[in-house]
Number of protein chains: 2
Amino acid sequence: MIKEKGQALLNYINNYVSLTEIEAEILLSKVTYRKYLKGQFIVQQGDVCKYECFVLSGCTKTFYIDEEGQEHIVMFSIEDWWTSDIGSFITQTPADFNVQCLENTELIMFSYDIIEDLYEAIPKLERFFRQIIEKAFVASQKRIVRSFSLSAKDRFIYFRNQYPKIEQRIPQYMIASYLGITKEFLSKIKSELIFEQ
Amino acid sequence: MIKEKGQALLNYINNYVSLTEIEAEILLSKVTYRKYLKGQFIVQQGDVCKYECFVLSGCTKTFYIDEEGQEHIVMFSIEDWWTSDIGSFITQTPADFNVQCLENTELIMFSYDIIEDLYEAIPKLERFFRQIIEKAFVASQKRIVRSFSLSAKDRFIYFRNQYPKIEQRIPQYMIASYLGITKEFLSKIKSELIFEQ
DNA sequence: TAATAACGTTAATCTAGTTTAATATTTTAT
DNA sequence: ATAAAATATTAAACTAGATTAACGTTATTA
């Protein structure tokens with residue numbers, strides 16, 4: 001089962017480091033393939049996050065609920081992205097975030113218990129994960145920059161251009177939450193954009 | 001020279017991985033010690049960033065200038081922190097950010113040209129940098145969360161509690177810029193906080 | 001020790017985005 | 001096909017924070 005599914009992961013890794021046949025086999029023997037249904041939770045706020053997950057298909061949202069019960073979406077993940085609460089994963093402390101499936105979702109899961117063995121067996125993976133996380137960090141910093149220097153309208157335009165596939169698949173009120181604005185205001189922005197055309 | 005100065009770096013690294021005497025020597029032989037004066041630039045927007053820098057003493061701000069000529073401070077770095085434009089460093093493309101010294105500053109610099117050799121010579125460093133950057137990424141994500149769910153006043157209170165040393169050393173208008181608000185509004189917040197006591 | 005530059009405060013006016021609430025549209029299940 | 005649930009729109013009243021501009025205070029330096 002994992003073998004056919006694993007190919008997408010191997011292709012992805014191949015963009016960063018090249019694994020030998022044997023290394024690829026070891027890797028796939030250590031990770032877990034799993035399907036989730038729409039609505040199910042991969043991580044729940046308060047639990048310790050046991051997995052870093054590579055998305056084969058489907059879509060997830062990462063969010064938290066603030067003291068007023070308000071939901072704030074931090075990121076979406078689709079095919080060839082990662083999803084997890086990394087803060088919880090690396091420190092093995094309770095998660096700040098929930099990760100919930102917005103569609104039926106197929107994952108390859110790297111568990112905390114095997115990842116050290118995996119680094120041991122395939123030292124190249126240390127480099128691979130370093131490079132992945134470097135990219136994620138840079139993206140996160142750039143998002144902070146945008147949140148400070150762009151208006152809500154410009155952030156929406158950026159989002160729409162950057163992630164056109166995600167915009168199609170996700171209800172508008174979740175995009176508003178991701179952008180840090182209300183659904184009503186996003187609705188207003190969209191009607192302005194249509195009018196401007 | 002680098003030997004005495006290097007000890008702070010070795011102590012820091014020791015929190016993550018343990019280097020042998022020989023590895024420590026190799027490391028210190030490959031990195032560069034350098035002093036900057038207050039006001040000098042370590043990185044300039046538009047240049048390719050050649051170094052990741054560990055701060056031995058002093059203080060820097062990382063900022064960019066937007067299209068309207070407005071300065072936005074992204075982070076401060078003091079002793080035992082890192083400073084660089086990592087996005088520029090890892091891709092070797094022009095920097096989005098400036099890094100400027102707010103005090104006379106001593107650094108240990110890891111150049112792009114030697115860092116690959118260093119990973120080769122001391123594979124443990126791959127793990128070290130992975131762990132550092134994981135922590136930086138988590139901190140960055142949490143900052144995004146705060147910027148969405150906290151008011152300016154609460155972000156300031158958080159900053160003041162989290163980085164009391166930095167608050168003392170830095171002019172208030174720079175803290176306002178870091179928080180994403182105007183200096184006038186921060187002034188108002190502070191007077192409210194005093195009044196509330 | 002005066003002068004200048006850098007930094008900080010206050011207050012009035014303005015605006016991007018929120019809140020509330022009612023209505024419209026689309027999707028899903030029966 | 002119809003009802004119910006989920007999602008989206010619109011508009012009026014409101015607020016956090018920006019802008020402008022004038023004035024105070026603290027550091028630097030001549």
Side-chain angles (χ1 to χ4, degrees), chain A residues 37-40 59 61 63 65-73 76 100-104 144-160 166-197, chain B residues 37-39 59 61 63 65-73 76 100-104 144 146-160 166-197:
Chain A
L37 297 176
K38 179 173 175 170
Q40 289 186 314
C59 181
K61 66 173 173 181
F63 67 100
I65 306 292
D66 71 17
E67 317 77 49
E68 281 117 50
Q70 210 77 45
E71 169 175 320
H72 298 267
I73 295 178
F76 300 109
Q100 187 178 18
C101 298
L102 300 176
E103 302 173 358
N104 294 344
I144 290 175
V145 165
R146 289 195 301 276
S147 83
F148 282 142
S149 49
L150 299 185
S151 68
K153 190 183 210 165
D154 289 341
R155 275 180 277 143
F156 173 61
I157 292 169
Y158 179 88
F159 175 82
R160 162 175 275 183
I166 294 181
E167 198 200 344
Q168 305 318 313
R169 284 158 83 165
I170 284 175
Q172 193 168 305
Y173 72 89
M174 290 190 192
I175 294 172
S177 171
Y178 174 82
L179 294 173
I181 58 178
T182 58
K183 55 197 189 338
E184 292 83 359
F185 192 54
L186 179 53
S187 183
K188 191 175 174 187
I189 286 170
K190 285 185 87 168
S191 74
E192 276 173 28
L193 285 172
I194 289 164
F195 190 70
E196 281 167 18
Q197 283 313 34
Chain B
L37 297 176
K38 179 171 175 172
C59 181
K61 66 173 173 180
F63 67 101
I65 307 289
D66 69 18
E67 316 79 50
E68 281 117 48
Q70 210 77 45
E71 169 175 321
H72 298 268
I73 295 178
F76 299 110
Q100 188 179 17
C101 298
L102 300 177
E103 304 172 359
N104 294 344
I144 291 175
R146 288 194 302 276
S147 84
F148 282 142
S149 49
L150 299 185
S151 67
K153 189 183 210 166
D154 288 341
R155 274 180 277 142
F156 172 62
I157 292 169
Y158 178 88
F159 175 82
R160 161 174 276 185
I166 294 181
E167 198 200 345
Q168 304 317 314
R169 285 159 80 165
I170 283 175
Q172 194 169 305
Y173 71 90
M174 290 191 191
I175 294 171
S177 171
Y178 173 82
L179 294 173
I181 58 178
T182 59
K183 56 197 188 339
E184 293 84 1
F185 192 55
L186 179 53
S187 183
K188 191 174 174 187
I189 286 171
K190 284 185 88 168
S191 75
E192 277 172 29
L193 286 173
I194 290 165
F195 191 71
E196 282 168 17
Q197 284 313 35

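Owing to the predicted nature of the structure, the values given are computational and were not obtained by experimental measurement. Values below: all heavy atoms of this structure, side chains included; hydrogens, waters and symmetry mates excluded. So you know, we letter chains A, B, ... as the sequences are listed, proteins then strands, and number each from 1.
Residues Phe76(A) and Lys61(A) have side chains in contact (heavy-atom distance under 4.5 Å, counting atoms from C-beta outward). Using a 4.5 Å cut-off on side-chain heavy atoms (C-beta onward), Lys190(B) and Phe156(B) make contact.
In this structure, Asp154(B) atom CG and dA16(D) atom P are separated by 12 Å, rounded to whole Å. Between the CD atom of Gln168(A) and the P atom of dT27(C) there is a distance of 13 Å, given to the nearest Å. For Glu68(B) and dT20(D), the CD to P distance is 11 Å, given to the nearest whole Å. The separation between Ile170(A) atom CD1 and dA6(D) atom C1' is 16 Å, rounded to whole Å. Residue Phe156(A) contributes atom CZ, which lies 17 Å from atom C1' of dA16(C) at whole-angstrom precision. Rounded to whole Å, atom P of dT9(D) lies 13 Å from atom CD of Glu192(A). In this structure, the NZ atom of Lys190(A) is 8 Å from the P atom of dA8(D), given to the nearest Å. Distance, Phe148(A) CZ to dA16(C) P: 19 Å, rounded to whole Å.
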Test log, rule side chain to side chain contact (heavy atoms under 4.5 Å, CB included), inputs Phe148(B) and Asp66(A): CA-CA 10 Å; Phe148(B) 282 142; Asp66(A) 71 17; over 6 Å; no
Trace of the side chain to side chain contact (heavy atoms under 4.5 Å, CB included) decision for Ile157(B) with Leu150(B): CA-CA 10 Å; Ile157(B) 292 169; Leu150(B) 299 185; over 6 Å; no
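Using a 4.0 Å heavy-atom distance criterion, Phe185(B) is classed as a base contact.
Closest contact between the side chain of Ser191(B) and the listed nucleotides dG17(D), dA8(D), dT10(C) involves dT10(C). Closest approach to the Glu184(B) side chain among dA21(C), dT19(D), dA8(D) is made by dT19(D) (side chain taken as heavy atoms from C-beta onward). When distances run from any side-chain atom of Tyr173(B) to the nucleotides dC7(C), dG17(D), dT20(D), the shortest one goes to dC7(C). Proximity note for Ile181(B) (side chain, C-beta onward) versus dG17(D), dT19(D), dT10(D): the nearest is dG17(D). Residue Gln172(A) places its side chain closer to dA8(D) than to any other of dT19(C), dG17(D), dA8(D). For Arg155(A), the side-chain atoms get nearest to dG17(C) when compared with the rest of dT20(D), dG17(D), dG17(C).
For the OP1/OP2 pair of dA18(D) and a distance below 4.0 Å, the side-chain nitrogens and oxygens of Thr182(B) include at least one atom meeting the criterion.
For the pair Lys188(B) and Lys183(B), both in contact range of DNA chain D, the more 5′-proximal nearest nucleotide belongs to Lys188(B).
Counted within 6.0 Å of NZ on Lys153(A), heavy atoms from surrounding residues, nucleotides or ligands total more than 12; the atom is thus considered enclosed.
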